Amino acid sequence: MDNVSENKGKYAFIASVVSSLALVIIFAVLSFAVNGSRDVPLYSQVDIIAGMIFVFMLSMIVAASVWPGIIEKWMK
């Protein structure tokens, strides 16, 4: 029984990290595309990287509360 709950935690953590990284990649691609399409860049590289860190942290908070319930339903 312990092994099953331990695996749920591992799967939830992996799903949270993967979904957060996917959102960071989407954010980076869109922000670089918008910034590159302008004659005068709207944001600096530091702003974009700080935004990527911010998106990762917020999405980890949300994903860490959403994924465990989904994994638990899936493993039943």
Side-chain angles (χ1 to χ4, degrees):
M1 184 75 177
D2 254 349
N3 196 15
V4 174
S5 63
E6 186 177 316
N7 285 341
K8 288 180 189 178
K10 287 179 185 178
Y11 293 145
F13 177 73
I14 291 169
S16 297
V17 170
V18 168
S19 62
S20 294
L21 286 176
L23 287 173
V24 167
I25 291 170
I26 291 169
F27 174 83
V29 167
L30 291 176
S31 61
F32 283 124
V34 167
N35 217 27
S37 68
R38 299 176 57 88
D39 292 334
V40 178
L42 191 60
Y43 304 108
S44 69
Q45 297 290 328
V46 174
D47 293 335
I48 294 173
I49 292 170
M52 290 167 60
I53 293 168
F54 186 70
V55 166
F56 181 78
M57 289 173 27
L58 286 180
S59 63
M60 276 298 289
I61 292 170
V62 173
S65 64
V66 171
W67 278 111
I70 294 171
I71 298 293
E72 188 172 324
K73 287 180 185 176
W74 178 71
M75 291 188 80
K76 281 186 176 179

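Quick note: residue numbers are just sequence positions, from 1. These numbers come from a predicted model, not from an experiment.
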inquiry  = Quick check on F56: does its CZ atom have over 12 non-hydrogen neighbours (other residues, nucleotides or ligands) under 6.0 Å away?
reply    = yes
remark   = Of all heavy-atom pairs linking P68 and A63, the shortest is CD-O, 3.9 Å
ask   = Considering residues, nucleotides and ligands other than F13, do more than 12 of their heavy atoms fall under 6.0 Å from its CZ?
value = no
key: Cluster companions of I14 among Ile, Leu, Val, Met, Phe, Trp, Tyr (side-chain spacing under 4.5 Å)   = V18
V62 with I25, same ILVMFWY side-chain cluster at under 4.5 Å = no
ask   = What residues, two or more places apart in sequence or in another chain, satisfy side-chain contact (heavy atoms from CB on, under 4.5 Å) together with A28?
value = F32, M52
task = Flag yes if Y11 and V17 sit in one hydrophobic cluster, no otherwise; membership is Ile, Leu, Val, Met, Phe, Trp, Tyr, and two members link when side-chain heavy atoms are under 4.5 Å apart.
result = no
inquiry  = According to side-chain hydrogen bond (donor to acceptor under 3.5 Å, both in side chains), does anything in residues 20-41 pair up with another residue at least two apart or in another chain? List the pairs.
reply    = S20-S59
task = Output all residues satisfying side-chain contact (heavy atoms from CB on, under 4.5 Å) with I70, sequence neighbours left out; order by chain, then residue number.
result = V66, W67
Co-members of V34 in a cluster of I, L, V, M, F, W and Y side chains, linked at under 4.5 Å = none
request  = Quick one: name the residues clustered hydrophobically with M57, using the 4.5 Å side-chain heavy-atom rule over I, L, V, M, F, W, Y, and just say none if it's on its own.
outcome  = I49, I53
query = Out of curiosity, does L21 fall in the hydrophobic cluster containing F27 (side-chain heavy atoms, cut-off under 4.5 Å, transitive links)?
reply = yes
